[in-house]
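Protein chains get the first letters and strands the later ones, always in sequence-line order, with residue 1 at the start of each. Basis for what follows: all heavy atoms, side chains included, without hydrogens, waters or symmetry-related copies. The shown structure was predicted, so the numbers you read here are calculated from the model rather than taken from an experiment.
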Amino acid sequence: MYLMTNREIAKIFSKIALYFEMDNVDFKPQAYEKAAMNLETLSEDVKDVYERGGDKSLEEIPGIGKNMADKIIEYIKTGKIKEYERLKKKIPVNIDELISVEGIGPRGVKYLYEKLKIKNLKDLERAAKAGKIRNLPNFGEKKEQNILQGIEFVKRSTGRFLLGEILLKVQEITANLKKLKEVKQISEAGSVRRRKETIGDIDILIISSSPKKVIDYFVKMPGVVKIWGQGPTKASVRVSTGEGFDPHTNFGVGVDVDLRVLPESQFGSALQYFTGSKEHNIVLRKIAIDKKLKLSEYGLFSGSKIIAGKTEKEIYKTLGMDYMEPEIRENTGEIEAALKNKLPRLIELKDIIGDLHAHSNFNGGDNSVEELAAAAIKIGYKYIGIADHTKFLRIENGLNEKQLIDRNRKIDKINHKLQTTNKNFRVLKGCEANIMADGSIDINDKTLAQMDFVIAGVHSQIKMPKAQMTARIITAMKNPNVDIIAHPTGRLLKKRPEYEIDFDKILEAAKKTKTVLEINAFPLRLDLNDVHIKKAKQAGVKMVINTDAHDKEHLNLMQYGVFQARRGWAEKNDIINCWPAEKMLKLLK
DNA sequence: GCCGTTTTCGGCCCGACTGTTTTCAGTCG
């Protein structure tokens, strides 16, 4: 889906955009940002594009002109972009780190570097604690406090990667290792395998009878910037995740990868052990002890005799339990359920037959309704819901009432045309409307009533007191036209916490008003989270897994929403986009 | 810096909020 070179160049273009923003340059930041986005979602490797048709082909990529095509070629040929190296030298700061602090943007980064030589998070914290920031023009005591709070929040999530950032890397590494003929079997383990929303490091297990050869190959594979340790059956390295520098270790920024090589007989027990979670394993070992057995990464033992170990299933079975999917191994009730044969039948990606949250180029999206529909058909969906932004969100080119009605007419025509070739597919007319501070919707009821479905979400004034924010969302749910609440808690992973809301009250209102809650699959959001999903399921509130696609490629992000739903024990029946369109629409208001 | 045409350069990128100001700068969505 995503390609590494494309992504690397996209990252650099995004950085260049930030450097231009520092200097208040008009339009260039958007141009670079747009190009970065298009590269990231491009389904062909730029290297192939270049080989196929040179700079002319590169310039056919939307948002790429002569200048950027040259930069792409430069990167393909030299692995570097001079212009970017020059900018980095001029203001040598860790931009990513600094702008991850809420309230600090590119202008602030530049200003703080020029005035106080602040280069990274550590410098910033030191300066803020010393009270040096409050005296700067346009800063103040309050802002200094906010910066310190922002730093605290970033720190708590530092060193972790979004699953969406890292899964590709994991797949790349395992694909590479698989090439080695000594590798008989390979699996990811740890939090990656449990599909946690953020990942600390990557665990990989390999079955091989020649561990040394595997280890030697592993520590020398492309991208390794540091070998932490290397022994006969295990090794730990840091693998580069692109450009940048880690201020704590001075090694290239990257993710740590631990490898264990095992004989076939222990693969199951090792996989079980290294998949975790730790809490899950502690309970398992206690249960083993109760049965006069001993469980470790080397197997399930009765005395010194191994009685299970080759597969996970065998181990769980011997302990008297059903097999538990990795996503639910968090010791939050799964073991009790497994003992009583009461595990949920978790939803799977193939159960999803539609997506109800795609933005078209009628608002800020990249693709036309036709293109989105074609992409959805290709995935095998039965429907796609176009949920364009509405008028309050000016930057996304939100549509007003008249524009929505016009757009609906156009979608009707598209549907009509589709019927001739794809009888079983339909485009649903929706919108992502805004919940204003008082809970009202920025589009009038008459227009909302003409939609197949209405998503409503909070996009402004997010720092409201708890009671007020809760009431605001409940008011929106009471609107007879509002079917779905988008990204209900508003968090951005590693960036911003949830809004202050009383989630139990939200659930109660959702149940009463028959409002569906969204599981936003965008890797940065994953909102609802696993805990919320489980609560919603228990409360009997229906959910929908949506990608929030702004580009047809984003439709592929659905898997991340499904992972999250599985972590929240969701079953097919809990998720309305597993249902045929007719049944689903009937449930909506 | 790209796009799209009017083929040589103008248009693109808005509004709310916060914290700082006393009319504005920066950030965010």
Student: Between B/dG1, B/dA25, B/dT27, which nucleotide gets closest to the side-chain atoms of A/Asn138?
Tutor: B/dA25

Student: Residues in side-chain hydrogen bond (donor to acceptor under 3.5 Å, both in side chains) with A/Asp483, at least two apart?
Tutor: none

Student: Roughly how many Å apart are B/dC12 and B/dC17, using the P atom of each and rounding to a whole number?
Tutor: 25 Å

Student: Can you tell me how far C1' in B/dC2 sits from the matching atom in B/dT8, rounded to whole Å?
Tutor: 14 Å

Student: Does the side chain of A/Asn363 come under 3.5 Å of the side chain of A/Asp388 through a donor N or O and an acceptor N or O?
Tutor: yes

Student: Measure from OH on A/Tyr111 to C1' on B/dT27 and round the result to the nearest Å.
Tutor: 16 Å

Student: Would A/Lys143 and A/Ile133 satisfy side chain to side chain contact (heavy atoms under 4.5 Å, CB included), going step by step from the backbone distance to the final call?
Tutor: CA-CA 8 Å; A/Lys143 205 148 188 178; A/Ile133 290 178; 5.8 Å; no

Student: Using a cut-off of strictly less than 4.0 Å, decide whether A/Arg134 has a side-chain nitrogen or oxygen near OP1 or OP2 of B/dT20.
Tutor: no

Student: Establish, from distance only, whether the side-chain atoms of A/Asn434 and A/Thr390 form a donor-acceptor pair under 3.5 Å.
Tutor: yes

Student: Distance from A/Glu432 atom CD to A/Leu399 atom CG, nearest 0.5 Å?
Tutor: 11.5 Å

Student: With sequence neighbours left out, write down each residue that passes ring-ring contact (aromatic ring centres under 6.0 Å, His included) with A/Tyr381, or none if nothing qualifies.
Tutor: none

Student: Give a yes-or-no answer on whether the side chains of A/Thr547 and A/Asp355 include a donor-acceptor pair shorter than 3.5 Å.
Tutor: yes

Student: Using the P atoms only, state how far B/dT20 lies from B/dC14, rounded to an integer number of Å.
Tutor: 27 Å

Student: Going by atom types alone, do A/Asn520 and A/Asp548 pair a side-chain donor with an acceptor below 3.5 Å?
Tutor: yes

Student: Quote, to the nearest angstrom, the P distance that separates B/dG10 from B/dA16.
Tutor: 31 Å

Student: Which parts of residues 459-467 of chain A get close to DNA chain B, meaning a heavy atom less than 4.0 angstrom away?
Tutor: A/His459, A/Gln461

Student: Base, sugar-phosphate or nothing for A/Leu492? Non-hydrogen atoms, less than 4.0 Å.
Tutor: sugar-phosphate

Student: To the closest 0.5 Å, what do you measure between CZ (A/Arg126) and CG (A/Leu116)?
Tutor: 12.0 Å

Student: Assign A/Phe139 to base, sugar-phosphate, or nothing according to its heavy-atom contacts below 4.0 angstrom with the strands shown.
Tutor: sugar-phosphate

Student: Considering only the C1' atoms, how many Å lie between B/dT23 and B/dT18, rounded to the nearest integer?
Tutor: 15 Å

Student: Once ring-ring contact (aromatic ring centres under 6.0 Å, His included) is applied, do any residues pair with A/Phe522, and if so which ones, sequence neighbours excluded?
Tutor: A/His554

Student: Reading nucleotides 2-9 of chain B from the 5' end, what letters show protein touch, with B for base, S for backbone sugar-phosphate only, - for no heavy atom under 4.0 Å?
Tutor: SS------

Student: Based on Watson-Crick and G-U pairs with both distances under 3.5 Å, what dot-bracket line describes DNA chain B 5' to 3', crossing pairs as [ ] and inter-strand pairs as |?
Tutor: ((((....)))).((((((....))))))

Student: Is there a stack between A/Phe27 and B/dC12, judged by ring centres under 5.5 Å and planes under 30°?
Tutor: yes

Student: Work out how far the C1' atom of B/dT5 is from that of B/dG11, and round it to whole angstrom.
Tutor: 12 Å

Student: In whole angstrom, give me the gap between the C1' atoms of B/dG29 and B/dT22.
Tutor: 27 Å

Student: Between B/dA16, B/dG1, B/dC28, which one does the side chain of A/Arg496 approach most closely?
Tutor: B/dC28

Student: Between A/Val458 and A/Pro29, who's closer to the 5' end of DNA chain B by nearest nucleotide?
Tutor: A/Pro29

Student: Taking the ring centre of each residue, are A/His357 and A/His487 less than 6.0 Å apart?
Tutor: no

Student: What contact category does A/Asn146 fall into here, base, sugar-phosphate, or nothing, at under 4.0 angstrom with non-hydrogen atoms?
Tutor: sugar-phosphate

Student: Roughly how many Å is it from CZ in A/Phe392 to C1' in B/dC28, rounded to a whole number?
Tutor: 12 Å

Student: Taking only the side-chain heavy atoms of A/Lys143 (C-beta and beyond), determine which of B/dC28, B/dA16, B/dG19 contains the nearest atom.
Tutor: B/dG19

Student: Is the distance between the ring centroids of A/Phe503 and A/His532 under 6.0 Å?
Tutor: yes

